[in-house]
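Before any comments, here is the structure.
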Number of protein chains: 2
Amino acid sequence: MAVNNFSAAQRSRVTMLDVAERAGVSKASVSRFIGDDRALLSDAIALRIEQAIDELGYRPNQMARGLKRGRTRLIGMLVADIRNPYSIAVMHGVETACRQHGYSLVVCNTDRDDEQERQHLAALRSYNIEGLIVNTLGHHLDQLLELQREMPLVLVDRKVEPLHSDLVGLDNPAAVRIAVEHLEQQGYRNVLLVSETTDGTSSRLERLESFKAELARRSGLTGAVVELDDELESRLQTFLAKPGSKALFCANGIAALACTRALKALGCELFNDVGLIALDDLDWYPLVGNGITALAQPTQAIGASAFDCLLKRLRGDTAPARTLDFLPELIIRGSTQLPVGGGLLPMAACPSAYL
Amino acid sequence: MAVNNFSAAQRSRVTMLDVAERAGVSKASVSRFIGDDRALLSDAIALRIEQAIDELGYRPNQMARGLKRGRTRLIGMLVADIRNPYSIAVMHGVETACRQHGYSLVVCNTDRDDEQERQHLAALRSYNIEGLIVNTLGHHLDQLLELQREMPLVLVDRKVEPLHSDLVGLDNPAAVRIAVEHLEQQGYRNVLLVSETTDGTSSRLERLESFKAELARRSGLTGAVVELDDELESRLQTFLAKPGSKALFCANGIAALACTRALKALGCELFNDVGLIALDDLDWYPLVGNGITALAQPTQAIGASAFDCLLKRLRGDTAPARTLDFLPELIIRGSTQLPVGGGLLPMAACPSAYL
DNA sequence: GGAATGACTGAAACCGGTTTCAGGAAACCA
DNA sequence: TGGTTTCCTGAAACCGGTTTCAGTCATTCC
């Protein structure tokens, strides 16, 4: 039958000892061949070992290696919400970098749940991962601190205050400035920042603070802030009732989705009644209305960079904690083209073939 | 300084021996306490061990446990394209199930690349994972077969012919029937199936074959098939030039994205000129035009079910390979509402507030 | 020619756990 | 009382590798 019984640990795998016997040498020599000490071996022995390995199809057991060596070649990544496209994109960057350097990635999704975060942290620790990439709320500080003592740790997107590790993320003040500036230039005068509940998340707080600061610096703009909740529709309705040219600034992809949904439910014409600019660039942005203007984060670079930090630390770099801020790229689409007439005459200003 | 040096393996972690000494017992007793043999211990000793563990903050090393026991509590998952929302959704289901049963998930993304698939398979094997969930093209059959001898293996979405393992996925014939039936009922007479290159992918082939079969069964419908490529726009243009009421059937989310993009680029009015139904339900479907009608796959259930198969096999189930086909859910939105007049008069049939 | 050097190699200890096995103490039985 | 049986415990072997350390043998150097 094709389906075997795996419950009884019939692990009949070829071991180093098998190879050693076949080649007529000691385990030590095989180990040297496997490892980086091949230079220590004579050509004759190396050849015999190589043949034996080929013939038996031997593959060293990474777990066993890790036990003595302390190197498991495993990196852990703790993600707050695996269904957030931003997280996925960063994860993809991390994963690629891992593979390129011979590491594998253990992904743990906390679903924004503290208990899951706790469980995952415990599990990751028990697997002797060599480093950890963290993109969560970072409750369970005690566990994180403990892990930090044992391995390098890199934060992605969000700071966890008492942790001062390396931090890789977006230059939020710059991003907000670019967004607000763009809206101002396009002629919008009233801007609403829509964000998920900040909930102590540093990046969200930074965006919020920067937004307020930008408004304060610019006399021509007024604005307000709302958090995502069940009331979003009515809040937007209130905002839309204001006079003058209005735009939404969605602080991330989730907010952009929620806002677009709400606007649609309110019967708005996307995006003539109100402009919209969003952080993160999702693949459906071009499809809605005349396209949603976005600030794309270099997620691939952020992920790769996070792994790079880890690798540097693993190799002994003891420089003080770094902060790597990446700049977003402004991708202008139809949602920030103020219709002729300042939004009061939502006519055919945006031909439907516009992209 | 906050940043330590981790290059020198200063793994000063608390070990079982530390606990044993602190509690004044042998390693064996601690091991029994940790494992499921607590019943073997006297209350007095159990208490001392428990205290010692608490005081030292001991956590057993899963790698070491796995070495002797053969149980690493690690599940591998090989994903063809981590940026495909379907894969993510399934992965989320798998991950949740894993955690609930004390397993962790090692995710490997192949980016549809054969060489990466090879590397990942080798890595997974070296980590002594207990089971493998596969959602790739399954080239490198030799490696997969080898892994299959060592551990249970579950295929997701796509069959890999010579592998006959458990298979969890969509009931493709049923899905296609539901889609075609819906289009027919809505009054569409000419249907174009748009699919990614089949490239031997069983699910894509099944959808294609079922589509042809459905057309053959229904006298009122004609149809054709195209694969995604650079020519998509011009192919759609050709299709749109045909007479009568037309609809696209996108075989997955990627195809839906590409088609919507192409239609937009062609200046179509979404979706008056042409209807659209898509497999997979992505969160932006409601936002485009008057919403895209979808066949939602129960991805969470598929993921959980894949893990469940694995678990059964790990527990000794040797029944012949199973195939679990899930049914999709039809979610009707605006993209399959034929405008009054059979698509020849694309007027205000779809109020913009429609959802 | 004998000592010193260097290049390889293998035996054995070790990593951190699990498991076998044998033995001591207590309980049970006659 | 002696002989089992049962219960609990620890010593030691083991999992599959790595690493130390000592030893063999061929060279090289006076």
Side-chain angles (χ1 to χ4, degrees), chain A residues 8-49 52-53 56-74 125-130 150, chain B residues 8-49 52-53 56-74 125-130 150:
Chain A
Q10 41 95 247
R11 344 203 100 279
S12 57
R13 286 209 8 206
V14 178
T15 115
M16 178 172 276
L17 195 58
D18 299 329
V19 175
E21 283 172 357
R22 174 113 188 179
V25 299
S26 70
K27 279 203 311 179
S29 292
V30 180
S31 174
R32 288 178 185 123
F33 183 87
I34 296 300
D36 297 332
D37 304 329
R38 198 172 308 198
L40 293 180
L41 298 178
S42 69
D43 292 349
I45 286 215
L47 188 66
R48 296 219 309 271
I49 295 178
I53 288 180
L56 277 65
Y58 169 70
R59 306 242 59 196
N61 179 335
Q62 193 64 245
M63 298 292 120
R65 305 186 79 176
L67 194 52
K68 174 82 183 184
R69 244 189 176 181
R71 299 202 55 185
T72 54
R73 296 279 187 172
L74 233 36
R125 187 149 171 250
S126 78
Y127 283 118
N128 272 18
I129 55 169
E130 291 185 41
E150 295 174 8
Chain B
Q10 41 95 248
R11 342 203 102 278
S12 56
R13 288 214 1 212
V14 178
T15 127
M16 177 172 275
L17 195 58
D18 299 329
V19 176
E21 282 171 358
R22 173 114 187 176
V25 299
S26 70
K27 279 202 314 180
S29 292
V30 180
S31 174
R32 288 177 185 124
F33 183 88
I34 296 300
D36 297 332
D37 304 329
R38 199 173 309 198
L40 294 179
L41 297 178
S42 69
D43 292 350
I45 286 217
L47 188 66
R48 296 218 312 269
I49 295 177
I53 288 179
L56 276 61
Y58 169 70
R59 307 242 57 195
N61 179 335
Q62 193 64 248
M63 297 292 126
R65 304 187 79 176
L67 194 52
K68 175 81 183 182
R69 243 189 177 182
R71 299 200 54 184
T72 53
R73 296 279 187 172
L74 234 34
R125 186 149 171 250
S126 78
Y127 283 118
N128 271 19
I129 55 171
E130 291 185 43
E150 295 173 9

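These numbers come from the heavy atoms of this one structure, side chains and all, not from hydrogens, waters or symmetry mates. Per chain, numbering begins at 1; letters A, B, ... match sequence-line order.
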Identify whether any heavy atom of [X] sits under 4.0 Å from a base atom; if not, whether one sits that close to sugar-phosphate; answer base, sugar-phosphate or nothing.
| X | answer |
| --- | --- |
| A:S29 | sugar-phosphate |
| A:V25 | sugar-phosphate |
| A:L17 | nothing |

Donor/acceptor link under 3.5 angstrom from [X] side chain onto base of [N]:
| X | N | result |
| --- | --- | --- |
| B:R65 | C:dT19 | no |
| A:K27 | D:dG17 | yes |
| B:R48 | D:dT9 | no |

### Task
Would you mind telling me which of D:dG10, C:dT19, C:dG16 lies closest to the side-chain atoms of B:S31?
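For the B:S31 side chain, the nearest candidate turns out to be C:dT19.
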### Message
The side chain of A:R69 is closest to which nucleotide in this list: C:dG17, C:dA12, D:dT18?
### Response
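Nearest listed nucleotide: D:dT18.
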### Query
Do side-chain atoms of A:R13 reach the backbone of A:R59 as a donor and acceptor pair under 3.5 angstrom?
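Yes; at least one donor-acceptor contact below 3.5 Å.
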#### Entry: N/O donor-acceptor pair under 3.5 Å between B:D37 side chain and B:L40 backbone
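No; zero donor-acceptor contacts below 3.5 Å.
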### Nearest-nucleotide 5' precedence on DNA chain C, A:R32 against B:I34
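The residue mapped nearer the 5' terminus is A:R32.
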#### Entry: Whichever of A:K68 and A:L41 has its nearest DNA chain C nucleotide further upstream toward 5'
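Residue closer to the 5' terminus by nearest nucleotide: A:L41.
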#### Entry: Euclidean distance, atom CG of residue B:D37 to atom C1' of D:dC7 [Å, nearest integer]
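Spelled out: CG on B:D37 to C1' on D:dC7 is 14 Å.
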### Task
Quick one: list whatever passes salt bridge (charged side-chain N to carboxylate O under 4.0 Å, His left out) with B:R22, sequence neighbours left out.
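B:R22 satisfies salt bridge (charged side-chain N to carboxylate O under 4.0 Å, His left out) with B:E55 once adjacent residues are dropped.
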### Query
Looking at B:Y58, does any N or O in its side chain come under 4.0 Å of the phosphate oxygens OP1/OP2 on C:dG17?
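For C:dG17, OP1/OP2 do have a side-chain N/O of B:Y58 under 4.0 Å.
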### Task
Ignoring backbone atoms, test whether B:S42 places a side-chain nitrogen or oxygen under 4.0 Å from the OP1 or OP2 oxygen of D:dT9.
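Yes, B:S42 has a side-chain N/O under 4.0 Å of OP1/OP2 on D:dT9.
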